[in-house]
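Working notes, beginning with the structure itself.
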Amino acid sequence: MNPAIASHSIADLKPDTSRAARWTGRVLTGIATAALTFDAVAKLLMLPQVVEGTTQVGYPVSAIFGIGVALAICVLIHLIPRTSILGAVLLTGYLGGAVATNVRISAPLATHVLAPVYVAAVIWLGLYLRDARARALLSAVR
């Protein structure tokens, strides 16, 4: 483990961003989680548009509810401050599956294949701006 991270407790990490940056992070997180929550709820309710779209990309109707549950759990984990980094990792994995699905069906690159990448980038940027632990973790990767 990186000594810079290991030698400090979470309480020792001070916000080293401006108040505006932290609020920007919160807004970005809110936008991404609102979109993903809407998607999860639509899957849980088995809305006709969701059923149609999901089956068109090759998933069986029986998988839709489970996908919605998985997404809802990932969003909830991300919204809990103590587990937000784990939630971001899980959501990144979920969104990677969406990228793979869109690549498999030869969907348009900028609007379909990369859309989940854009959402993941917003999730991580929001987390980076609002959470000192995320900044410490990502700075350790450099």
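Along the sequence shown, residues are numbered consecutively beginning with 1. Because the structure is predicted, anything quoted here is derived from the model rather than measured.
L79 and I73 fall into different hydrophobic clusters, defined by Ile, Leu, Val, Met, Phe, Trp and Tyr side-chain heavy atoms under 4.5 Å apart, directly or through other members.
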Acceptor/donor pairs from residues 85-95 side chains to any protein atom, 3.5 angstrom cut, sequence neighbours excluded:
residue: T92; atom: OG1; partner: A88; partner atom: O; Å: 2.7
residue: T92; atom: OG1; partner: W124; partner atom: NE1; Å: 2.7

Counting only pairs under 3.5 Å, give me each side-chain donor-acceptor contact of residues 98-108, with atom names and distances, residues two or more places apart or in other chains.
residue: T101; atom: OG1; partner: Y59; partner atom: OH; Å: 2.6
residue: T101; atom: OG1; partner: G97; partner atom: O; Å: 3.0
residue: N102; atom: ND2; partner: A98; partner atom: O; Å: 3.1
residue: N102; atom: ND2; partner: H112; partner atom: O; Å: 3.1
residue: R104; atom: NH2; partner: V57; partner atom: O; Å: 2.2

Which atom pairs, one a donor and one an acceptor, fall under 3.5 Å between side chains of residues 61-70 and the rest of the protein, sequence neighbours left out?
none

Would you be so kind as to tabulate the donor-acceptor pairs closer than 3.5 Å made by side chains of residues 41-51, with sequence neighbours excluded?
residue: K43; atom: NZ; partner: D39; partner atom: OD1; Å: 2.7
residue: K43; atom: NZ; partner: D39; partner atom: OD2; Å: 3.3

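Sorted by first and then second residue, the salt bridge (charged side-chain N to carboxylate O under 4.0 Å, His left out) pairs with a member in residues 107-119 form an empty list; sequence neighbours excluded. Note on residues 105-131: pairs passing salt bridge (charged side-chain N to carboxylate O under 4.0 Å, His left out), not counting sequence neighbours, are D131-R133.
Put simply, the side chain of Y118 gets close to the backbone of A110: a donor and an acceptor are under 3.5 Å apart.
Between L127 and S84 the shortest heavy-atom distance is CD1-OG, 3.5 Å.
The other residues sharing a hydrophobic cluster with I31 are V27, where clustering joins ILVMFWY side chains under 4.5 Å apart. Under a 4.5 Å side-chain heavy-atom cut-off, the cluster of Ile, Leu, Val, Met, Phe, Trp and Tyr residues that includes L76 has no other member.
Here T37 contributes atom OG1 and L71 contributes atom CG; the two are 7.5 Å apart, rounded to the nearest 0.5 Å.
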